Amino acid sequence: MIKSFFKGVVIGIANIVPGVSGGTMMVSMGIYDRLIHCITHLFSEFKKSVLFLLPIAVGMVAAIAASSFGLTYLFEHFPIQTNLLFVGLILGGLPAVWKKVKGKGIKGGHVAACVLFFALVVGMAAMGESEGQAADLSFSIVNVVILVGVGIITSATMVIPGVSGSMVLMLMGFYYPILNEVKDFFTALAAFDMEAIIAGCGVLIPFGIGVVAGIFGIAKLVEIIFEKFPLYAYWAIIGLIVSSPIAILLMGTFPALTAMSALTGVVALAAGIVIAMKLGE
């Protein structure tokens with residue numbers, strides 16, 4: 001239960017960071033297949049699915065709430081170390097995925113899937129170097145519909161390994177507005193400011209509805225792909241995992257490298273690899 005909670009924390013943080021994929025973190029920690037199964041069989045295997053999903057979901061919510069306050073500080077003051085920690089978390093999951101394809105032969109289609117998804121992530125990261133125009137979150141029927149749609153798109157990209165939901169949000173201009181809305185909502189909740197809480201719900205509820213709808217929709221599609229084309233799926237994931245560190249480096253802003261930042265960066269990288277491997281056991 002506690003281990004699942006911390007897995008949720010890692011996934012939640014990953015979904016906040018542009019260039020980092022929550023889906024990749026799920027793969028790195030060895031829970032991706034089971035998580036997809038529990039989502040798609042939530043009602044037919046309700047108790048079993050809830051017991052597995054609940055601590056992960058709680059960890060994700062806690063991480064997203066905390067990240068909306070503290071993540072900016074870490075990236076501003078320790079960008080090299082923080083980015084390398086996430087690179088380590090991603091690379092630490094690669095051996096587990098490699099075992100899925102090892103000794104099963106390599107076809108041209110496998111290589112094509114790997115290269116295609118590698119190029120997709122790197123291309124998205126290159127396009128995502130600048131954020132789109134900030135979105136308008138003022139309450140209106142049109143904006144509610146838009147927020148539901150944005151939630152669906154974001155959650156779909158969150159579930160797919162290697163694709164960063166926050167990066168997609170950034171490209172659409174919703175990243176900082178939504179992040180600030182989350183921060184303001186929890187601040188209002190702590191102060192019991194009902195007016196601000198209601199205003200936050202006007203944004204976060206339609207966005208959340210879209211997220212839930214998107215997760216269920218894409219999870220079923222992913223399950224079908226893994227059932228019918230498992231090797232192609234795993235080779236695609238390898239391409240996504242290998243490309244994710246490149247995406248992080250493309251999306252990040254780094255100061256001049258010093259001996260101390262290089263040393264602590266290597267330590268953070270190693271720590272990320274060890275954490276991913278331990279959580280994936």
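Note that the coordinates shown come from a computational prediction; the quantities given were computed from them, not determined experimentally.
Side-chain contact between Leu231 and Lys104 is present, with at least one heavy-atom pair separated by less than 4.5 Å. Taking the side chain as every heavy atom from C-beta outward, Asn143 and Ile146 approach each other to under 4.5 Å. Contact check for Ile238 versus Val101: side-chain heavy atoms found under the 4.5 Å cut-off. The shortest distance between side-chain heavy atoms of Ile36 and Phe226 does not fall below 4.5 Å. With contacts defined as side-chain heavy-atom distances shorter than 4.5 Å, the pair Pro55/Phe6 does not qualify. Between Lys7 and Met26 there is no side-chain heavy-atom pair separated by less than 4.5 Å. The closest side-chain heavy-atom distance from His41 to Glu223 is below 4.5 Å. Between Ile56 and Phe5 the shortest side-chain heavy-atom distance does not fall below 4.5 Å.
Minimum interatomic distance between Gln81 and Ala268 (heavy atoms only, all atoms of both residues): O-CB, 3.4 Å. Annotation for Ala219 and Ile39: closest pair CB-CG2, 3.7 Å, computed over non-hydrogen atoms. Nearest heavy atoms, Pro206 versus Gly202: CG-O, 3.3 Å. Taking both residues in full, the closest heavy atoms of Ala233 and Ile225 are given as CB-CG2, 4.0 Å, listed atom of the first, atom of the second, then distance. Shown here for Leu53 and Leu35, the closest heavy-atom pair between the two residues is CD2-CG, 4.0 Å. The two atoms that bring Thr264 and Ser261 nearest to each other are OG1-O, 3.2 Å, heavy atoms only.
No more than 12 heavy-atom neighbours from other residues, nucleotides or ligands sit within 6.0 angstrom of CD1 on Ile141. Heavy atoms of other residues, nucleotides or ligands lying less than 6.0 angstrom from NZ of Lys220 number more than 12.
Between the CH2 atom in Trp98 and the CH2 atom in Trp235 there is a gap of 4.0 Å [rounded to 0.5 Å]. Expressed to the nearest 0.5 Å, how far CD1 of Ile197 lies from OG1 of Thr187 amounts to 10.5 Å. Atom CG of Leu51 and atom SG of Cys38 lie 9.5 Å apart (nearest 0.5 Å). The CD1 atom of Ile224 sits 9.5 Å away from atom OG1 of Thr40, with the distance rounded to the nearest 0.5 Å. Going from atom CD of Glu227 over to atom NE2 of His37 covers 9.5 Å, rounded to the nearest 0.5 Å. With rounding to the nearest 0.5 angstrom, the CD atom of Glu181 is 12.0 Å from the CZ atom of Phe186.
For Phe52, there are no ring-ring contact (aromatic ring centres under 6.0 Å, His included) partners at least two apart in sequence or on another chain. With sequence neighbours excluded, no residue satisfies ring-ring contact (aromatic ring centres under 6.0 Å, His included) with Phe118.
Between Tyr232 and Phe229, the two ring planes are perpendicular [angle over 60°; tilted spans 30° to 60°].
Residues Ile205 and Ile152 do not share a hydrophobic cluster, clusters being chains of Ile/Leu/Val/Met/Phe/Trp/Tyr side chains in contact below 4.5 Å. If you chain together hydrophobic residues whose side chains sit under 4.5 Å apart, Leu257 and Leu84 fall into the same group. Criterion: ILVMFWY side-chain heavy atoms under 4.5 Å apart, direct or through other members. Under it, Ile215 and Leu42 are part of a common hydrophobic cluster. Ile198 and Phe185 fall into different hydrophobic clusters, where Ile, Leu, Val, Met, Phe, Trp and Tyr side chains are chained together by heavy-atom contacts under 4.5 Å. Taking hydrophobic clusters as Ile, Leu, Val, Met, Phe, Trp and Tyr residues chained together by side-chain heavy-atom distances below 4.5 Å, Ile218 shares a cluster with Val212.
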Checklist entry - So Val148 and Phe207, side-chain contact (heavy atoms from CB on, under 4.5 Å) or not? Walk me through it. => result CA-CA 5 Å; Val148 171; Phe207 179 72; over 6 Å; no
Next on the checklist: The test is side-chain contact (heavy atoms from CB on, under 4.5 Å); show your working for Val115 and Val111 and say whether it passes.
Outcome noted: CA-CA 6 Å; Val115 172; Val111 176; 4.1 Å; yes
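Clustering of Ile, Leu, Val, Met, Phe, Trp and Tyr by side-chain heavy atoms under 4.5 Å joins Val61 with none of the others.
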